Protein chains: 2
Amino acid sequence: MPLYQARVLVSLRPSVLDPAGEATRAAASRLGVTGLQTLRIGKAIELQLEAPDRATALSQLEHLSDRLLANPVIEDWQLEILDPAQGQQA
Amino acid sequence: MPLYQARVLVSLRPSVLDPAGEATRAAASRLGVTGLQTLRIGKAIELQLEAPDRATALSQLEHLSDRLLANPVIEDWQLEILDPAQGQQA
């Protein structure tokens with residue numbers, strides 16, 4: 001079975017505070033970077049999934065993203081999936 | 001000054017164990033997804049940086065990634081930067 005490479009980006013919903021991101025943003029000025037307007041920290045989950053075809057891989061990855069990888073109450077997610085023989089998708 | 005949108009992806013180096021990722025991978029089979037070969041959890045940091053030009057933005061973001069956002073001993077990072085007037089970069 002082909003092996004699909006995928007990335008799931010999980011980010012806090014815009015209405016949810018991100019104290020770790022805010023602390024990191026404040027620390028940047030101590031490194032001399034003063035133009036930082038916003039900084040928010042999310043998760044990037046890299047997966048390799050064996051599936052019979054792309055549609056099955058996509059459906060399984062969406063299921064995982066919704067149920068396991070992100071908490072839909074406070075987080076959004078987006079999925080990037082690659083075809084097996086291709087380079088990294090946009 | 002233009003506002004640059006950027007994303008820094010921070011991932012554990014391949015030689016570093018990822019127990020949280022491994023636990024998540026194991027949990028996927030309880031959701032009926034059995035083809036998951038690898039799953040590793042990294043960070044996706046979304047930033048907005050005001051800078052006079054793209055080269056300055058890039059240099060400041062590289063500095064931040066190396067010194068603040070990632071721990072180069074155990075983590076790799078990659079930077080995606082957008083020009084102010086464009087859509088999301090590949």
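Quick note: numbers below take in every heavy atom, side chains included, and nothing from hydrogens, waters or symmetry partners. By convention in this document, chain letters (A, B, ...) are assigned in the order of the sequence lines, proteins followed by strands, and residues within each chain are numbered from 1. Note that this is a predicted model, so its numbers are computed, not measured.
The pair A/Glu46-B/Arg40 does not meet the salt-bridge criterion, since no charged nitrogen lies less than 4.0 angstrom from a carboxylate oxygen.
The hydrophobic cluster containing A/Leu12 does not contain B/Val10, counting ILVMFWY residues as joined when their side-chain heavy atoms lie under 4.5 angstrom apart, directly or transitively. A single hydrophobic cluster is seen to contain both B/Leu39 and B/Leu31, as judged by linkage of ILVMFWY side chains at heavy-atom distances under 4.5 Å, directly or through other members.
The line from CD of B/Gln5 to CG of B/Leu47 is 8.5 Å long, rounded to the nearest 0.5 Å. Note that CG of A/Leu82 is 12.0 Å distant from CG of A/Leu49, once rounded to the nearest 0.5 Å. Here B/Ile81 contributes atom CD1 and B/Leu61 contributes atom CG; the two are 5.0 Å apart, rounded to the nearest 0.5 Å.
Note: B/Gln60 leads B/Arg25, B/Gln60, B/Arg30 in heavy-atom pairs under 4.5 Å with chain A. Counting heavy-atom pairs closer than 4.5 Å to chain A, the top residue among B/Thr34, B/Val8, B/Ile45 is B/Ile45. Counting heavy-atom pairs under 4.5 Å between each of A/Ala27, A/Gly35, A/Ala51, A/Gly21 and chain B puts A/Gly35 at the top. Interface summary for chain A: among B/Gln48, B/Met1, B/Glu50, the most heavy-atom pairs under 4.5 angstrom belong to B/Gln48.
The shortest side-chain heavy-atom distance between B/Val16 and B/Asp18 does not fall under the 4.5 Å cut-off.
Using a 4.5 Å cut-off between heavy atoms, A/Leu9 contacts chain B through its side chain alone, with no backbone atom that close. Both the backbone and the side chain of B/Ala28 come within contact range of chain A, with heavy atoms under 4.5 Å apart.
Nearest approach of A/Arg54 to A/Tyr4, heavy atoms of both residues: N-OH, 2.9 Å.
At a heavy-atom separation below 4.5 angstrom, chain A is approached by B/His63, B/Leu64, B/Arg67, B/Leu68, B/Leu69 within residues 63-76 of chain B.
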